[in-house]
Protein chains: 4
Amino acid sequence: MSAVLVTGIEPFESDPTNPSWDIAQALDGMQVDGAVIVARQLPCVFGLANEKLVEAIEDTSPTLVFALGLATGRTEISVERVAINVIDARIPDNAGNQPVDTPVVAGGPAAYFSTLPIKAIVQTLREAGVPTGVSQSAGTYNCNHLFYGLMHHIATRARHVRGGFIHVPTTPELAALHAGRPSLSIDTQIKGILLAVRTALATQADLKMSGGAVH
Amino acid sequence: MSAVLVTGIEPFESDPTNPSWDIAQALDGMQVDGAVIVARQLPCVFGLANEKLVEAIEDTSPTLVFALGLATGRTEISVERVAINVIDARIPDNAGNQPVDTPVVAGGPAAYFSTLPIKAIVQTLREAGVPTGVSQSAGTYNCNHLFYGLMHHIATRARHVRGGFIHVPTTPELAALHAGRPSLSIDTQIKGILLAVRTALATQADLKMSGGAVH
Amino acid sequence: MSAVLVTGIEPFESDPTNPSWDIAQALDGMQVDGAVIVARQLPCVFGLANEKLVEAIEDTSPTLVFALGLATGRTEISVERVAINVIDARIPDNAGNQPVDTPVVAGGPAAYFSTLPIKAIVQTLREAGVPTGVSQSAGTYNCNHLFYGLMHHIATRARHVRGGFIHVPTTPELAALHAGRPSLSIDTQIKGILLAVRTALATQADLKMSGGAVH
Amino acid sequence: MSAVLVTGIEPFESDPTNPSWDIAQALDGMQVDGAVIVARQLPCVFGLANEKLVEAIEDTSPTLVFALGLATGRTEISVERVAINVIDARIPDNAGNQPVDTPVVAGGPAAYFSTLPIKAIVQTLREAGVPTGVSQSAGTYNCNHLFYGLMHHIATRARHVRGGFIHVPTTPELAALHAGRPSLSIDTQIKGILLAVRTALATQADLKMSGGAVH
């Protein structure tokens, strides 16, 4: 049985939990369409997060990797299109480091595209009632760093693996601690990510469906 | 046993359902803290909505009225503070009427404040993990018209009744038909409105807690 | 020659200037359509602001009063429709006071509508290329307090005077101190408010033109 | 005297003008710090825009290229960080074409970073009172296509040239045709782009200053 690695990130900034890890945990061990989902938590620490991700890939030999991260302020599940080779941290990571304009991988290419079927995932989740969209930028913080690290590892050392990154919104419980923040319940998020995994397992060539941004 | 009237509105614009009515239906008949919840659907039609609301109040003799309405685009449950005596419709109602700058009640006062304990409701829901806030404007469309009609009826003919209006966000299922819309699952919404009813039943004097807007 | 009183507010929170006062100053002494514009600065202090406003009205005997205030975060000139009888301060005023849920005028009506021709002002400014809209809420802070105080004074002691409140956006210079804030140049703002004054001088009955909010 | 090429784009969608071209025209022929600014208009047509851009570079032999484009909805001047090798058009271009998920340059690298000193430009403009920020995505429409085409030409055939892309907000005059849109006056925009050109002429190594996005 092939493995699907789903990673979440530990809590960061002032949030007590991180929905990306709650989702991964909820899916851990689940068997779906002939594959088993394996979850791993990654630290919110530049460098170390990517070392742990590579260890997890080497441990679990997945055919598919979904890296998840939290994007407070977003309204829907955001399937990221592209990882860029830069770290520009607006806030320190959990080890207190705040790199500005350094590459994720020195000498690496400027960017990698996701190899998940991002349009098919968006269409399937929407049809199932889960608000979802394509995102053209994963930012320049730990999530983009992880996404770039994943795709660089795949491109250089694990070319048979497909992978990508999905940003998830905050939950109602976390949003209620503040004012005016959009959220999506953890049940809806778990349902969405499970469907995304199943869509990726079933889809080789992505759909040709508009998901762009004018600017 | 005293009655709590909870009203929802029929679907309008292009939405196939209206969460405000789904919530009301889910609570219909529930017994809570010595009161029974009675739900009624109201039309999205100027004038008629308020006639049906008055009929519902006369039918059910409630001590408490919660009028609910949908506010697509809002991220949280919005407890409305004030109803104003104007209709200025940006889109036609379900009967095709689109009044501009006409009063809800000719000769009525400029506004009425909610007599629900709006700050206590916000605090209780937030503590329960339901994103909630005070709203300073219910707009100038059918929801404000209904809110004003409710408070005018209470002020002139049913002074022992307490009442107010709550705007609810759209649901994930409706948001998924579009792109980028915030939503809140219907379960979270039902939980929130039930808590709001219980808070109102238990609270006479509202909390003194900041819930304002600078502008 | 009749007088038009235009008031601006002193700087508050962390901003070094307040565009509402810069606009008023720029128009001070200008003769327009048979009237002279007189500018006065008001403090950002609950109570005192309204005392100074009444003094200014008694001093200058205007036929028209435009009270202006800053609304950082808004993208356009906002012609306010309604003042409500509540103060609910999210931040302290410049004297350190932060009232919560107290009336502007104890025993006053719940609200007053602007007596400016708000729709004609919006149409005229838009045609002149100045982004402008109707706003359904002036908030619950000093600006709404001032707006309510103005309309209460007019209603009870100066019924021949017409008046209202306009919120203006921040300027590019103030926006540049932060990230991502919308702004409007002070020249465009001055042009807009001058046009608003001229529109009010020329208009008795307001236009019937949609300017509402669905919620 | 060296040349600085500044390009703007023709109007698209329903807008009667395009501020990116108005700015370029206003700067055309200006001599600044030992260089002369040369302006060229480019079509909003995939493929053709990039051919015309290459022609303009070959004609004018610039040392510096600023490609400008309109981003309605943005509040400030957006200095783009990265161009990605994909076209995913949400609306047709001015020739009626709407490519979905095709590369800008088949076989080209996934992305190019701007070689303008983007952080120094942001800092200088902000200090001059012009709202400005770094943007992590130029979208997937004509502007990103042009930005990628520019950087690919530089990387493969004109390595001594520095270049990049700046998105500008709409103007008050265009914003006034709609409701609620942010804008920046054309004078402020011209001042900002001129300062950006001067900053690039004076700066070799960019500042190390945070300008990232958490997600």
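Each chain gets a letter, A, B and so on, in the order its sequence line appears, and its residues count up from 1. Just so we're clear, the structure is a prediction, and the values are computed from it rather than from any experiment.
Here the side chain of D88(A) pairs a donor or acceptor atom with the backbone of G211(D) at under 3.5 angstrom. A donor-acceptor pair under 3.5 Å is formed between the side chain of T140(A) and the backbone N or O of A213(D). With hydrogens and angles disregarded, a donor-acceptor distance shorter than 3.5 Å links the side chain of H215(D) to the backbone of T72(A).
Heavy-atom minimum distance, A111(D) versus A110(A): O-CB, 3.2 Å.
With chain A as the partner, the residue from V134(D), D206(D), V100(D), T102(D) showing the most heavy-atom pairs under 4.5 Å is V100(D). When each of V86(D), N142(D), I91(D) is scored by its heavy-atom pairs under 4.5 Å with chain A, the top score falls to V86(D). Ranked by heavy-atom pairs under 4.5 Å with chain D, the first of G139(A), A71(A), P99(A), S137(A) is A71(A). Between chain D and the options R74(A), R81(A), M209(A), E80(A), the largest number of non-hydrogen pairs under 4.5 Å is found for R81(A).
Residue contact with chain D, scored on non-hydrogen atoms closer than 4.5 Å, is absent for I118(A). Contact of F12(D) with chain A is made through the side chain alone, with heavy-atom distances under 4.5 Å. At a 4.5 Å heavy-atom cutoff, the contact between A89(A) and chain D is made by backbone atoms alone. With a 4.5 angstrom heavy-atom cutoff, L70(D) touches chain A only via backbone atoms. Only the backbone of A138(D) comes within contact range of chain A, with at least one heavy atom under 4.5 Å from a heavy atom of that chain. If you measure heavy-atom distances from V214(D) to chain A, the contacts under 4.5 Å come from both the backbone and the side chain. Looking at N144(A), neither its backbone nor its side chain comes within 4.5 Å of chain D, counting heavy atoms on both sides.
Atom CD1 of I84(A) sits about 6.0 Å away from atom CD of Q136(D), to the nearest 0.5 Å.
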